[in-house]
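Below, chain A is the first sequence line, B the second, and so on; all start at residue 1. Every heavy atom of this structure was used, including side-chain atoms; hydrogens, water molecules and symmetry mates were not. Just so we're clear, the structure is a prediction, and the values are computed from it rather than from any experiment.
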2 protein chains.
Amino acid sequence: MSKVKLDEIDHQILDMLIDNTRTPFTDIAKKLLISAGTVHVRVKKMEEAGIIKGSSLTIDYVKLGYSFIAYVGVFLEKTHQTKFVLERLNEIPNVTVAHITTGKFNIFCKIRAKDTTHAKNIIFKIDDIEGISRTETMISLEESINDKKRLMHKIFNEL
Amino acid sequence: MSKVKLDEIDHQILDMLIDNTRTPFTDIAKKLLISAGTVHVRVKKMEEAGIIKGSSLTIDYVKLGYSFIAYVGVFLEKTHQTKFVLERLNEIPNVTVAHITTGKFNIFCKIRAKDTTHAKNIIFKIDDIEGISRTETMISLEESINDKKRLMHKIFNEL
DNA sequence: GGTGAAACTTCTAATAA
DNA sequence: TTATTAGAAGTTTCACC
């Protein structure tokens with residue numbers, strides 16, 4: 001849980017790699033007026049510190065036929081069932097994100113489906129999980145802002 | 001919006017690259033008993049088809065001091081203000097995701113902050129946006145399921 | 001479509017500054 | 001800490017199945 005100090009160079013390296021993992025270190029070096037070796041050393045340090053956890057492709061799920069996104073708020077019968085319910089949710093591949101939350105819902109999750117029929121089946125599956133008293137679905141009509149575009153320095157430099 | 005047909009080989013290539021963008025094509029080739037050239041050609045095709053939109057680093061935001069995640073449901077005064085409000089939300093760097101939704105809320109977004117004080121300021125900023133009548137915040141106590149672990153074939157092979 | 005090997009680019013680690 | 005450099009490793013292309 002320790003905070004790690006990064007300097008401006010590190011932020012800019014992260015920025016470019018967040019935008020495209022395969023940005024050659026030589027390109028980064030050229031842009032930042034340092035050597036590729038230095039980029040390598042700094043990236044390695046950030047990996048060792050656990051700041052860089054890994055890398056992943058950004059997939060266009062819509063093109064693959066998965067155009068349906070919904071958020072499902074889950075109400076539990078009893079709070080101590082949280083762990084059990086999360087395990088069941090984890091078994092459904094279409095539940096792509098889940099958070100334990102305060103406020104209105106006990107658990108809050110995101111599902112990705114092909115269409116409304118498919119989504120209905122997934123929601124029924126969720127409703128059937130033991131310990132869930134009821135759910136509330138919010139269908140996404142449009143994903144307007146998306147993690148990807150958020151460059152690090154925008155977050156870092158703001159107060 | 002067109003659907004694209006991928007075969008089992010493509011799925012497995014995606015699988016490995018989703019898990020780690022830098023998986024060498026030679027490793028993928030070895031595992032799938034094809035040549036590295038073939039892997040290259042298939043990846044290129046999926047890039048050209050727009051299925052692979054890009055790649056990104058997975059950052060441990062908690063280690064960088066951003067341990068606070070919350071979901072904010074937004075109620076609008078009038079629906080036709082949606083576009084305007086989304087533009088304002090997009091100007092706040094800590095709003096990392098936003099969806100237009102049906103159901104309880106008009107817009108649904110995710111914020112990332114350093115701590116509760118920081119989060120409070122962000123939520124106040126959101127509340128101040130013209131056209132928003134009120135908001136409802138759900139604080140994430142724990143992120144239990146996370147996109148990253150979802151391998152493609154699990155989604156593809158399910159009905 | 002796929003292959004295998006050559007040509008090219010990038011990474012990495014060791015050495016030196 | 002950073003730069004340089006050289007050998008290792010990965011990627012891309014292409015003539016040929």
Next item on the list: Using a cut-off of strictly less than 4.0 Å between a heavy atom of the residue and any atom of DNA chain D, enumerate the qualifying residues of residues 36-45 of chain B by number.
Entry: His40(B), Lys44(B)
Check: For the helix from dG1(C)-dC17(D) to dA17(C)-dT1(D), what angle lies between the axis at the first five pairs and the axis at the last five pairs, to 10 degrees?
Finding: 20°
Backbone N/O of [Y] and side chain of [X]: donor-acceptor pair under 3.5 Å:
| X | Y | value |
| --- | --- | --- |
| Asn94(B) | Ile111(B) | no |
| Arg22(B) | Leu17(B) | no |
| Ser56(B) | Ile18(A) | yes |

Checking [X] now: which residues fulfil side-chain contact (heavy atoms from CB on, under 4.5 Å) with it, not counting sequence neighbours?
| X | value |
| --- | --- |
| Thr135(B) | Val72(B), Val74(B), Ile123(B), Ile126(B), Asp127(B), Ile132(B) |
| Asp60(B) | Lys53(A), Val62(B), Lys63(B) |
| Lys31(B) | Met16(B) |

Next item on the list: Under 4.0 Å from any heavy atom of chain A: name the first and the last nucleotide of DNA chain C that qualifies, 5' to 3'.
Entry: dT10(C) to dA13(C)
Item checked: salt bridge (charged side-chain N to carboxylate O under 4.0 Å, His left out) partners for Glu136(B), two or more places apart -> Lys104(B), Arg134(B)
Check: So, do Ile59(A) and Leu14(B) sit near enough that their side-chain heavy atoms are less than 4.5 Å apart?
Finding: yes
Margin query: For a 4.0 angstrom threshold against heavy atoms of chain A, report the outermost contacting nucleotides of DNA chain D in 5' to 3' order.
Written below: dT1(D) to dT11(D)
Next item on the list: For Asp27(A) and for Ile34(B), locate the closest nucleotide of DNA chain C by heavy-atom distance; then report the residue assigned to the nucleotide nearer the 5' terminus.
Entry: Ile34(B)
Item checked: First of Ser35(B) and Thr26(A) reached from the 5' end of DNA chain C, by closest nucleotide -> Ser35(B)
For residues 34-45 of chain A, please give each side-chain donor-acceptor pair under 3.5 Å, one per line with the distance, not counting sequence neighbours.
from, atom 1, to, atom 2, distance (Å)
Ser35(A), OG, Gly37(A), N, 3.4
Ser35(A), OG, Thr38(A), N, 3.2
Ser35(A), OG, Thr38(A), OG1, 3.0
Arg42(A), NH1, Asp7(A), OD1, 2.9
Arg42(A), NH1, Asp7(A), OD2, 3.1
Arg42(A), NH1, Asp10(A), OD1, 2.9
Arg42(A), NH1, Asp10(A), OD2, 3.4
Arg42(A), NH2, Asp7(A), OD2, 3.3

Margin query: Measuring from atom NZ of Lys120(B) to atom NZ of Lys125(B), what distance do you get when rounded to the nearest 0.5 angstrom?
Written below: 13.0 Å
Next item on the list: Name all pairs fulfilling the side chain to side chain donor-acceptor pair (under 3.5 Å) condition that reach into residues 67-79 of chain B, sequence neighbours left out, sorted by first residue then second.
Entry: His99(A)-Tyr71(B)
Check: Hey, what else clusters with Ile139(B) if you join Ile, Leu, Val, Met, Phe, Trp, Tyr whenever side-chain heavy atoms sit under 4.5 Å?
Finding: Phe68(B)
Next item on the list: Please list, chain by chain and in numerical order, all residues satisfying ring-ring contact (aromatic ring centres under 6.0 Å, His included) with Phe105(A), sequence neighbours excluded.
Entry: Phe75(A), Phe108(A)
